[in-house]
There are 2 protein chains.
Amino acid sequence: MALRHAVLAALLDGEFSGYQLTKIFDVGVSDFWYATPQQLYAELAKMETDGLLTGRRVVQRGRPDKRVFTVTGAGLAELAAFAAAPAKPLLIRDDLIVKVHACDLLAPGPLIAQLQERAAEAAAKLELFGKMLLRLRGELEEEEFLRRGERVGPYLTCLGGLRLERQMHEWCLQTARTLSERAVRDGTAQDESAQQEKGALS
Amino acid sequence: MALRHAVLAALLDGEFSGYQLTKIFDVGVSDFWYATPQQLYAELAKMETDGLLTGRRVVQRGRPDKRVFTVTGAGLAELAAFAAAPAKPLLIRDDLIVKVHACDLLAPGPLIAQLQERAAEAAAKLELFGKMLLRLRGELEEEEFLRRGERVGPYLTCLGGLRLERQMHEWCLQTARTLSERAVRDGTAQDESAQQEKGALS
DNA sequence: TAGCTGTACTCAAGGAATTGAGTAGTCATG
DNA sequence: CATGACTACTCAATTCCTTGAGTACAGCTA
């Protein structure tokens, strides 16, 4: 029941269509919520029948029509109620960390590759967030904007995303380096008992 | 289908009962997976019938019996297959960040309180992770342990959790400070139009 | 000795999320 | 002029996850 609040929050920044929202959510762009397109379309429909949103058909040329949504008064009230209620704990689920946790019994190759891939993704997001921050604060300096800007919410969450991606990037690279060095050590070891075990699982 | 892999990874560190695993997962202790007790018990039962785990009844005195689980060969194979497959993207869902994203239209009081609460939780975890790291590496220095330790997986994920909680802690406090300062400014402003709007939603 | 906390689970219902397939038109590329 | 990529969605099945309630015993406290 909390995807709807994320949608409401996202729609505070303007009218968006379901498709545009998928672009925001599928990558988890702002690093604050993740959702698939199907989920979004379903939720948008439900939210409209619940009166939290109103849809508006926009005719386009050269591409299909789209329906953009706006938050209603009831939607704002829902958001306010949500904000006043105690927050659920942070939910994290990450395959990659599970793999690292088990790394001592796994083949190091694929894991290192995946860590480097994740690091690259994090770097890409880092850049993206940097640009978003610039765009959001316009010509003001950060401090000035945070003091006097009239819409700082997205900026603050973006700062959070930036921090997260930075630490993710560093952790992935450091972990990959550690595992690489250990793999070399194992590979050049005289007795092969350690690799035998790993070989059985790779 | 990935909770089972998290369970397998957790059981590499020893035999645990369902109840013990809930203690590991409910808080999301290692910051790598979150699951409720019911989910765990159900999954453990399924994993046992699938042959990934074997349960063993342990009689205790002064407290109820428990069943502890061990990973089987098939379980290790499952884990290896999982590790070789591409990882799903990091999944984050956080109420608090959604609220911050919408903060410009919300009453600042409850939000600031929640940010401080989260900061306190992060600080508590930080301390916990610090102790876990000490325990895991024993009398060795970190570098030495990462080079030569025989079980570094949990240590590496713990390092990740530590980083995450540190950044969460800082972000929450900084964001709370920013919002507090803005609230004071709004509160002491001559014209009250800004608060009027917020008042309507608080 | 009543009440509370902690260990160690079980069951059921309902909502949320994932997976997979499918539609339909536009635009650029080779 | 066919192929693939992009916009913009929809539908259905299944699986996963959450919510809420309940059982049972042991130890401690007032």
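Each chain gets a letter, A, B and so on, in the order the sequences are listed, and its residues count up from 1. Keep in mind it's a predicted model, so treat the numbers as computed, not measured.
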query: In whole Å, what is the span from the OH atom of B/Tyr34 to the P atom of D/dC16?
result: 18 Å

task: Using the salt bridge (charged side-chain N to carboxylate O under 4.0 Å, His left out) rule, take B/Arg56 and B/Glu15 through it: C-alpha gap first, then chi angles, then the decisive distance, then the call.
output: CA-CA 9 Å; B/Arg56 186 168 68 81; B/Glu15 289 184 325; 2.6 Å; yes

- prompt: Mind checking whether B/Leu90 and A/Glu121 have side chains closer than 4.5 Å, heavy atoms only?
  reply: no

field: Sugar-phosphate, base or nothing in reach of A/Arg93, heavy atoms under 4.0 Å
entry: sugar-phosphate

Minimal non-hydrogen separation, A/Gln114 against B/Ala87, with atom names: OE1-CB, 3.5 Å

query: Whole-Å distance between C/dT7 C1' and B/Leu21 CG?
result: 14 Å

field: Whole-Å gap separating P (C/dT7) and CD (B/Gln20)
entry: 10 Å

- prompt: At what distance, to the nearest 0.5 angstrom, does CG of B/Leu133 lie from CD of B/Glu142?
  reply: 7.0 Å

statement: Between B/Leu164 and A/Leu164 the two heavy atoms that sit nearest each other are CD1-CD1, 3.3 Å

field: Atom of B/Arg67, atom of B/Glu48 and distance for their closest heavy-atom approach
entry: NH2-OE2, 3.0 Å

field: Sorted by number, the residues of residues 38-47 of chain A with heavy-atom contact under 4.0 Å to DNA chain D
entry: A/Gln38, A/Tyr41

task: Please state how far atom OH in B/Tyr19 lies from atom P in D/dT23, giving the value in whole angstrom units.
output: 18 Å

field: B/Leu3 CG to C/dA17 C1', straight-line distance once rounded to whole Å
entry: 15 Å

- line: On DNA chain C, more 5' by nearest nucleotide between B/Leu91 and B/Lys66 is B/Lys66

- request: Please state whether the phosphate of C/dT26, meaning OP1 or OP2, lies under 4.0 angstrom from any side-chain nitrogen or oxygen of A/Gln60.
  value: no

Residue closer to the 5' end of DNA chain D, A/Ser17 versus A/Lys88 (nearest nucleotide): A/Ser17

field: Integer-rounded Å distance: D/dT15 P and B/Asp50 CG
entry: 12 Å

task: Using the closest heavy atom to pick a nucleotide of DNA chain C for each, name whichever of B/Gly18 or A/Arg63 lands nearer the 5' end.
output: B/Gly18

- request: Look at atom CD of A/Glu170 and say whether more than 12 heavy atoms of other residues, nucleotides or ligands are closer to it than 6.0 Å.
  value: yes

message: What is the separation between atom CZ on A/Arg61 and atom C1' on D/dA8, rounded to the nearest whole Å?
response: 18 Å

